[in-house]
K.L.:
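I'd like to ask some things about the structure below.
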Amino acid sequence: MSEAVNDPIIEINGMHKWFGRFHVLKDINLDVKQAERIVVCGPSGSGKSTLIRCINRLEEHQRGRIVVDGIELTNDLKNIDAIRREVGMVFQHFNLFPHLTVIENLTLGPIWVRRTPRKEAEESAMKYLERVKIPEQAEKFPGQLSGGQQQRVAIARSLCMNPKVMLFDEPTSALDPEMIKEVLDVMIELAETAMTMIVITHEMGFAKAVANRVIFMDEGEIIEQNEPREFFNNPQYDRTKLFLSQILAQ
Amino acid sequence: MDEAATENRKYPPGCHPDLPPPGIAAGPLLWIKDNLFGSATNVVLTFLAAYFLWLSIPPLLEWAFFDAAFTGESRKACKAQAPGACWAFIQNRFELFVYGFYPRPERWRVDLSFILLMVALTPVLWEKVPQRAKLLLFSCAYPFVAGWLLTGGLGLKPVGTDQFGGILLTLVIGITGISFSLPIGIVLALGRQSRMPVPRILCVAFIEFIRGVPLITLLFVASAMLSYFLPPGTNFNLLLRVLIMVTLFASGYMAEVIRGGLQAIPAGQYEAAQSMGLGYWKAMRLIVLPQALKISIPGIVNTFIALYKDTTLVIIIGLLDPLGIGRSSLADSKWQGLSTEVYIFVAVFFFISCFGMSRYALYLERKLDTGHKR
Amino acid sequence: MASEATTTATSDDPNALLRLWRNKEARSVIIQVFTLAVLFAFLAFIIGNAVQNLARLGKTFSFTFMLEPASYDINQRLIEYTSRDNHLRAMFVGILNTALVAGCGIVLATILGFIFGVLRLSKNWLINRLVYCFIEFTRNVPILLHILLVHGLIVHIMPVPRDAWDVGEAVFLTNRGVIMPKPIFEDGFIWTSLAFAVAIVFAWGFRRWAKKAQDATGKTYPVFLVGLAAIIGLPILVLFVSGLPLSWEIPALGGFNFRGGLVMRPEFLALWLALSFYTSAYIAEIVRAGILAVDWGQTEAAYAIGIGPSRTLRLIVIPQALRVIIPPLTSQYLNLTKNSSLAIAIGYMDIVATIGGISLMQTGKEMETMIIVLSIYLCFSLVISSFMNWYNKKIKLVER
């Protein structure tokens, strides 16, 4: 696996978030270096999803600073648009656009946001479809694909925007077991190309294979973070130990 | 000073306390800020809405309540008391609005029918009723019992249907329409789903015909054309003809509602019934229809509400529902010119009953939604 | 063959008829033949009765009366008509009147319905609740009552022509209707109409060109603004250049009423406004449900790629919302058209009031006129339903 480069591409300082009165993220401090692969895990309700959704402004933080690729995340719409262009996101439920074909799903962003001519956008989209190993599905509609294929299309859709960071929000949780591997393979191949990735997942095999850092969150705080071997073999805090025992008990 | 300290204090992992959110403390002020003044457009909209309310509500309240006359014997008497609405008219004619021209000494029969209606509806609308099966039998028999009570004969003094009017008429038409359209609608829905072409085509044709024409044209058919199709010499009174057309009309819409219910039942139910060796009718009666009807109840209630509102159309062919009673009473010189009060009274009556029924239908839909997860 | 498969226990059944009944195919044939027989018997019965009753009353069943003079006036009409014209022409006047009020009603109801539907989704509590109250009040009061209320308001509250409320000395609101200036098209106006047609073609052509250009180079062009400017600007320009060949007949008060100008009678106004507001309440709920039906995740996915809010609405949310909105919307259009038949309650001369009303009363031909009225409405319904079915098939989301 490639080594991470030193300048942080994402800096989060003292970030707090509330949903109404509920304090969902407490004093988050996180630096993500380029080409770093981070796996975030934790019990449900710990705020992991909320954290990565704050990075591309799908959620708004109330206190603290988030800086992505040198651009600070504020209410300034220009900053938000610029950041969203550099950050790609893959959702648990794919969120493909059902009324557009696969190739149209992929070229929508490049055509309307990066103003790419259609032919160029389609050629680039086909390249990404080949990368996720389903080029033959280009003219089909999302409703005609299996779950694993849809998620791979979703990954290709984000990649078409040439992002610097890819966020994954439990990408395999909605898939039938036999389709999880095909998606994880795509993500591993992506990691090998030095893409910065933040992945929320329960697939600990993926973490062990690919991650530089594993972060454990609980009740809105980052409890523990370490490189995978240390994390799994030497958890420092009781809560981490409890979580690991539950998730690895097979 | 202190706040800044708490803001930047570092806690060991896992020990961070829950802090209150920054900005306006949550509560009514926060709600006002978010919901009424959240953005520039919202501020403008809030002011526009408030202005509109200020313009319309106080004059309306003045006219309807504060400056209104509630008792009196004529319009002149009302106006002498107060410049606003003359509700005395309603109070004066209240019995007409409710009973129509039903003879006063026999009105207990109308009241009894209404009470029995509540009894008949209880097992249909509520599940946890003791002795439900026996009460449902009574519900099936109710239309005939009520028919006998209201029209007389067999021991009760006969009352001509031309004396029905007001709310009595509305309920008679609505409830007769719905109760008889239910079995017809079931037959039509089953026929429409049939694999045999003849019943299917006939049912589709009938349903599409009914749903393609306005009710008023069918009422005109009832009043002008229907007697041609009956054997020479027979004479059905107008209300009976109207009831027939209204029932046929409701059947068309009921058929579609029940078809929806039948389609909502998983195919596995039909297959299970068939594999048990039940014939078509037994399978329908024991397995499919009970489930389909239960799912269709919100749709049936909505069809009833629509039918209930459509009963006002009978004034166009001369029957006197509450609206008709109101308009014909206006002809009385004592009360001329009070059409606004009449329309508003009837509107409020319909609003209260329809709103209540639609709330109930919503409650039913929600209850059935959770109970019938697929 | 099927017959062999089904007759298992009946091989020792002596009764051939019973064997036939147990055979699935034969049984279905028997049932259908029986049904048809019952149907024909019923039809024969009622038609026989009808023939007898008609003969008894000395009436004949024929449509020739349609060619006889109608002998009644129709006050609101779109085509030329006098009482000397025949019933057929009266029927056409009625059909056009129905089409007019239904068409105007559909337009206004759609506009209001979409506005109310979007407002109903607003975060502003006051607006949200106000619209909710309006929708609930409108839906729970019968349409006939709405029509009578609006008609009553117009006739009782609006002032007499002498004291008319005016807007800019040109549009007058009275209890005899709304009177506004009537445009008089002089000879040169044809150029303006041509310019309008040219502008539409140009806007459509520009849109196609812009799409091709975007495919080729990636640059976007302001299609909507250019099209709007053309459609509004070009005809106005030509209008001025050709010497303003458009004059107005301003209504003037003469005696007890206004003379000249275009009159919207209270019957038409009341029916149009009542139908529009009533149907808009239903359309608002349909629009709201349609927009809510689009998963929030779709919007998030679009934002995550960097597509802005207005483009997201246009490309992702609205196409999916429209799929959910259009079928019930066309049902409401059909309901509005059917509800327009209540025109007879306030004297607006639509199909029912002309052919099914006065013509019926004058000629006594109940059966023929009712058949005509029912057939016309059936035609309307079939046309709208077929369109809806065709549209549904066309935009169906492709799934496994």
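Note that the coordinates shown come from a computational prediction; the quantities given were computed from them, not determined experimentally. A, B, ... follow the sequence lines: proteins, then strands. Residue 1 opens every chain.
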K.L.:
Given that the side chain runs from C-beta out, which part of C:Leu374 has a heavy atom under 4.5 Å from chain B: side chain, backbone, both or neither?
P.N.:
both
K.L.:
Between C:Ile31 and chain B, which part of the residue has a heavy atom less than 4.5 Å away: side chain, backbone, both or neither?
P.N.:
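For C:Ile31, the side chain is the part near chain B, not the backbone.
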K.L.:
Does any backbone or side-chain atom of C:Ser340 lie under 4.5 Å from a heavy atom of chain B? Answer side chain, backbone, both or neither.
P.N.:
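Neither the backbone nor the side chain of C:Ser340 comes within 4.5 Å of chain B.
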K.L.:
Which region of B:Leu48, side chain (C-beta onward) or backbone (N, CA, C, O), has a non-hydrogen atom less than 4.5 Å from a non-hydrogen atom of chain C, or is it both or neither?
P.N.:
neither
K.L.:
What part of B:Leu313 lies closer than 4.5 angstrom to a heavy atom of chain C: side chain, backbone, both or neither?
P.N.:
both
K.L.:
Could you look at B:Leu215 and say if it's the side chain, the backbone, both or neither that has a heavy atom under 4.5 Å from chain C?
P.N.:
neither
K.L.:
If only atom types and distance count, is the side chain of C:Asn97 paired as donor or acceptor with the main-chain N or O of C:Asp350 below 3.5 Å?
P.N.:
no
K.L.:
Heavy-atom distance under 4.5 Å to chain B: side chain of C:His156, backbone, both or neither?
P.N.:
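Interface part for C:His156: side chain.
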K.L.:
Checking heavy atoms, do the side chain of B:Thr46, its backbone, both or neither come under 4.5 Å from chain C?
P.N.:
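The answer is both parts of B:Thr46.
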K.L.:
Between chain C and each of B:Phe350, B:Tyr343, B:Phe349, count heavy-atom pairs under 4.5 Å; write down the option with the most.
P.N.:
B:Tyr343
K.L.:
Measure C:Ile384 against the heavy atoms of chain B and call it side chain, backbone, both or neither at under 4.5 Å.
P.N.:
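Neither part.
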K.L.:
Which class fits the ring pair C:Phe277 and C:Phe116: parallel under 30°, tilted 30 to 60°, perpendicular over 60°?
P.N.:
tilted
K.L.:
Tell me, side chain or backbone of B:Ile315 under 4.5 Å from chain C's heavy atoms, or both, or neither?
P.N.:
side chain
K.L.:
Examine whether an atom of C:Leu39 lies under 4.5 Å from a heavy atom of chain B, and if so say whether it belongs to the side chain, the backbone or both; otherwise answer neither.
P.N.:
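Looking at C:Leu39, just its side chain touches chain B.
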K.L.:
Does C:Tyr278 reach the side chain of C:Ile147, with side-chain heavy atoms less than 4.5 Å apart?
P.N.:
no
K.L.:
With only heavy atoms counted, which part of C:Lys365 is less than 4.5 Å from chain B, the side chain, the backbone, both or neither?
P.N.:
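Neither part.
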K.L.:
Side chains of C:Pro142 and B:Tyr308: does their closest heavy-atom pair fall under 4.5 Å?
P.N.:
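Sidechains of B:Tyr308 and C:Pro142: no contact.
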K.L.:
In terms of heavy-atom pairs under 4.5 Å, which option from C:Val141, C:Val51, C:Val33 contacts chain B the most?
P.N.:
C:Val141
K.L.:
Counting heavy-atom pairs under 4.5 Å to chain C, which of B:Ser227, B:Ser194, B:Pro197, B:Ala50 comes out on top?
P.N.:
B:Pro197
K.L.:
Is it the case that the side chain of C:Glu368 and the backbone of C:Phe63 share a donor-acceptor pair, with hydrogens and angles ignored and the cut-off at 3.5 Å?
P.N.:
no
K.L.:
Do the side chain of B:Arg200 and the main chain of B:Arg192 share a donor and acceptor less than 3.5 angstrom apart?
P.N.:
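The answer is no, because no donor-acceptor pair under 3.5 Å joins these two groups.
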K.L.:
Please state whether the rings of C:Tyr377 and C:Phe380 are parallel, tilted or perpendicular, taking 30° and 60° as the class boundaries.
P.N.:
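C:Tyr377 vs C:Phe380 ring planes: tilted.
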K.L.:
Check for a donor-acceptor pair, side chain of C:Asn53 on one end and backbone N or O of B:Leu230 on the other, with a separation under 3.5 Å.
P.N.:
yes
K.L.:
Is C:Ser28 in contact with chain B via its backbone, its side chain, both, or neither, using a 4.5 Å heavy-atom distance?
P.N.:
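When you check distances to chain B, atoms from both the backbone and side chain of C:Ser28 fall under 4.5 Å.
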K.L.:
Is it the side chain or the backbone of B:Thr312 that comes within 4.5 Å of chain C heavy atoms, both, or neither?
P.N.:
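The answer is both parts of B:Thr312.
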K.L.:
Where the side chain of B:Asp321 meets the backbone of B:Gly166, is there a donor-acceptor pair that is under 3.5 Å apart?
P.N.:
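The answer is no, because no donor-acceptor pair under 3.5 Å joins these two groups.
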K.L.:
Given a strict heavy-atom distance threshold of 4.5 Å, which part of C:Leu148 is in contact with chain B: side chain, backbone, both, or neither?
P.N.:
both
K.L.:
Highest number of heavy-atom pairs under 4.5 Å with chain C: which of B:Met196, B:Arg327, B:Glu208, B:Met225?
P.N.:
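When all of B:Met196, B:Arg327, B:Glu208, B:Met225 are compared, B:Met196 has the most.
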